[in-house]
Protein chains: 2
Amino acid sequence: MSHARPTLTDVARAAGVSVSTASLAFSASGPIADSTRAKVLDAATELGYGGPNPAGRQLRSGRYDIVGVVIGDKLKRSFRDPVSVQVLDGLTSALGEADLGVLLVPGVESYVDGEIGVDPLLTSAGMDVAVLIWGAHTSDPRVETLRKRGIPIVVGEGNEVEGSSLVEIDDHGGVVATIEHLTGLGHERFVTITLPFRMGRREGWVDDARRELVDWTPTRHRLDAVLGSGVDLVGIYETEASLVENGAAAMRAILERFPDPATRPTAVVAQSDLLAAGAVLALHEAGLRVPEDMSVAGFDGLDLPWFSGELTTVIQPLEAKGREMGLAVRALLADGTVTRTTMPVELRIGTTTGPPPSAAAPRNS
Amino acid sequence: MSHARPTLTDVARAAGVSVSTASLAFSASGPIADSTRAKVLDAATELGYGGPNPAGRQLRSGRYDIVGVVIGDKLKRSFRDPVSVQVLDGLTSALGEADLGVLLVPGVESYVDGEIGVDPLLTSAGMDVAVLIWGAHTSDPRVETLRKRGIPIVVGEGNEVEGSSLVEIDDHGGVVATIEHLTGLGHERFVTITLPFRMGRREGWVDDARRELVDWTPTRHRLDAVLGSGVDLVGIYETEASLVENGAAAMRAILERFPDPATRPTAVVAQSDLLAAGAVLALHEAGLRVPEDMSVAGFDGLDLPWFSGELTTVIQPLEAKGREMGLAVRALLADGTVTRTTMPVELRIGTTTGPPPSAAAPRNS
DNA sequence: CTGTTAGCGCCTTCAT
DNA sequence: ATGAAGGCGCTAACAG
């Protein structure tokens with residue numbers, strides 16, 4: 001009894017045909033008589049042949065039918081984040097339809113003293129295209145690596161990379177709509193709670209120096225929209241992850257910094273729904289009402305079944321964005337077409353925004 | 001200007017060494033003089049060589065350094081489920097440490113009239129090991145496919161597969177502990193809300209015929225534990241997904257079926273925390289109190305920041321389970337060792353279980 | 001420490 | 001519709 005796995009050669013011999021004919025029986029990419037194919041397939045079953053060896057096929061064809069999906073510095077974080085998850089959803093289904101496999105790539109191996117080590121998978125795994133779901137930063141070593149390997153790239157969310165496809169959403173427009181909604185209600189003092197700025201994560205109030213260091217595109221776009229709107233922004237609070245608890249912590253910091261209801265900001269623009277939800281929870285904990293005492297707006301349009309009320313938020317088509325990236329991959333693979341897509345967003349007015357507490361009718365202390 | 005990507009041969013020529021020496025410079029798996037390596041690396045940079053072609057390496061070495069992770073019938077569902085996500089977390093990090101890539105595989109291509117079509121990736125993608133996170137079912141075509149291809153398997157959660165490694169948790173013990181806790185409090189009438197039974201998903205009350213059709217292992221283990229405990233089980237409600245809304249729907253069905261508080265079941269054993277949380281929400285919606293009017297216990301030990309109070313639940317070490325699967329993969333790869341691990345669970349008593357409403361002191365209507 | 005020699009398994013011409 | 005031949009890029013085994 002032989003322990004070696006049978007190869008196409010063995011099958012061909014057993015079926016009494018040539019290797020090239022046997023190959024046709026599996027690939028279905030050429031003319032072959034039904035009877036011959038049957039003979040080959042029978043021989044294959046007989047020998048316990050499990051189909052053509054992928055490595056052989058890959059080497060010969062130059063295609064892997066695998067897409068590397070780079071999802072951030074930590075897989076963990078991406079999995080926990082419903083936003084990432086929805087994008088992955090759309091992406092994997094669009095790729096699956098084209099029979100493309102998804103190889104999960106952490107992207108960053110290590111981040112020590114600002115030195116970025118690229119994950120070995122990025123250097124050595126076989127893939128036809130790479131997708132950088134959460135954008136590329138300036139002089140991104142991952143992009144460098146992929147470039148050198150000749151692997152085309154699809155970037156999600158900005159920091160356009162020369163020669164790569166790009167899929168983004170109208171972050172700016174979404175935030176502008178939010179601000180207009182709030183100023184329309186009469187708000188004048190704003191605070192914003194932001195997503196992480198860059199790979200070296202931090203949590204806390206942002207000063208002018210730090211403000212220059214925004215490298216993550218969604219964060220930058222959304223922040224720029226607030227800054228550019230001309231409203232009175234009394235503080236920027238940077239979080240280190242887009243989670244409910246970070247939003248709650250941010251709100252506690254806000255209440256601590258602005259203890260006086262009379263001068264407290266009346267509207268909070270959070271860069272994600274989870275942050276916004278956390279902020280609302282912290283307000284409730286502090287015995288404050290939303291939106292009577294403070295208005296809170298989010299971003300994403302997540303469905304939060306446990307959230308009582310409905311968040312005012314910017315709905316972004318997450319799954320569609322993922323699908324769009326998948327389509328960009330397929331276009332790249334089909335004929336090298338580089339695409340650039342901006343997806344629209346929509347402001348949904350919920351129950352967490354309303355007129356600011358009026359100075360004329362202060363609430364009972 | 002040549003458009004073809006340089007190969008190791010080109011690099012070797014440019015560096016004035018043999019190909020095999022050049023190979024050593026990259027693989028670091030053999031003795032090579034630092035000066036020689038430097039020469040090779042310089043030549044590589046010069047030519048814009050991005051490292052050894054994976055296909056060539058794979059064919060020659062017979063290793064892909066890729067693990068196929070089969071996560072269920074729909075990627076979607078797995079991403080949305082915090083339980084899956086945590087397991088994936090642990091798994092990917094354990095594999096990442098060994099520089100193994102994770103290839104996401106849907107597993108089931110189609111499910112029509114009970115006919116299961118295996119995803120093409122499972123048939124044709126290169127992988128060294130496959131992990132079936134959510135178990136194998138009886139006469140599983142995916143297992144069949146992998147067998148034929150000679151790919152070793154790690155199964156999470158039961159339905160042991162001959163010759164494969166297995167990682168499971170003590171489902172049975174966890175549910176038994178829950179039941180004992182509840183009977184200890186004085187409960188006598190139980191209902192259980194279960195996870196999906198099998199691939200053909202359904203939602204609703206379970207009759208005897210349906211009860212025979214449980215094929216998904218965690219569901220079966222947890223249900224068997226209730227059935228075997230001898231308590232008075234007045235109903236089994238099957239859900240089609242482990243989500244908050246399904247738990248809420250289940251509870252509404254329970255309240256509808258048992259309108260009379262005097263004969264209503266007093267304790268609900270849900271097979272997941274999300275189902276339990278949904279059940280609690282539905283009770284609140286109906287104006288009932290937990291645990292005064294009904295006790296609810298879950299399973300998983302999830303951290304639900306939005307849930308007020310704390311669920312009584314069975315804590316299973318999700319991430320550790322994932323890591324354990326990763327270790328099983330590595331053992332399989334290292335020397336073919338087949339392992340079998342059962343992870344312990346722990347009952348956490350929260351605020352959602354308490355004594356049943358006493359007949360002596362009925363609540364005001 | 002470096003070079004030589006052989007394929008790994010497959011698919012694509014091209015000829016028949 | 002089938003067969004023969006060549007080579008994709010690399011690395012393992014061995015020899016020097």
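Throughout, a chain's letter reflects where its sequence line sits, starting with A, and its residues are numbered from 1.
Checked by atom type and distance alone, the side chain of R142(B) never pairs as donor or acceptor with a backbone atom of V118(B) at under 3.5 Å. A side-chain donor-acceptor contact under 3.5 Å links R57(B) to the backbone of S124(A). When atom types are taken as modelled, the side chain of Y64(B) and the backbone of A55(A) share a donor-acceptor pair closer than 3.5 angstrom.
Taking atom CZ on R63(A) and atom C1' on dC8(D), their separation rounds to 16 Å, with Å as the unit. One interatomic measurement links the two molecules: CZ of R60(B) to C1' of dA13(D), which rounds to 8 Å at whole-angstrom precision. Rounding to whole angstrom units, CD of residue Q58(B) and P of dC10(C) are separated by 14 Å. With rounding to whole Å, R13(B) atom CZ is found 20 Å from dT2(C) atom P. The interatomic distance linking Y64(B) (OH) with dG9(C) (P) rounds to 10 Å, in whole Å. Between the CZ atom of F26(A) and the P atom of dC11(C) there is a distance of 10 Å, given to the nearest Å. Atom CG in L24(A) sits about 14 Å away from atom P in dC10(C), given to the nearest Å. Note: CG (L8(A)) to P (dC8(D)) measures 20 Å, nearest angstrom.
Using a 4.0 Å heavy-atom criterion, one finds that V17(A) contacts the sugar-phosphate atoms exclusively. Contacts of A33(A) with the nucleic acid, taken as non-hydrogen atoms under 4.0 Å apart, involve only primed sugar atoms and P, OP1 or OP2. Counting any heavy atom pair closer than 4.0 Å across all strands shown, T36(B) reaches sugar-phosphate atoms only and no base atom. Looking at heavy-atom distances under 4.0 Å, T7(A) makes contact with sugar-phosphate atoms alone, never a base. Here L59(A) lies in heavy-atom contact (under 4.0 Å) with a base.
Side-chain to base pairing of S20(A) with dA4(D): one donor and one acceptor N or O lie within less than 3.5 Å of each other.
For dC11(C), neither phosphate oxygen OP1 nor OP2 lies less than 4.0 angstrom from any side-chain nitrogen or oxygen of S61(A). A close approach under 4.0 Å does occur between a side-chain nitrogen or oxygen of Y49(A) and OP1 or OP2 of dC10(C). Between R57(B) and dT11(D), a side-chain N or O to OP1/OP2 separation shorter than 4.0 Å is present. For the pair T21(B) and dT2(C), the criterion of a side-chain N or O lying under 4.0 Å from OP1 or OP2 is not met.
Using a 4.0 Å cut-off between charged nitrogen and carboxylate oxygen, E97(A) and R323(A) count as a salt-bridge pair.
Counting heavy atoms from C-beta outward, T7(A) and D10(A) have side chains that approach closer than 4.5 Å.
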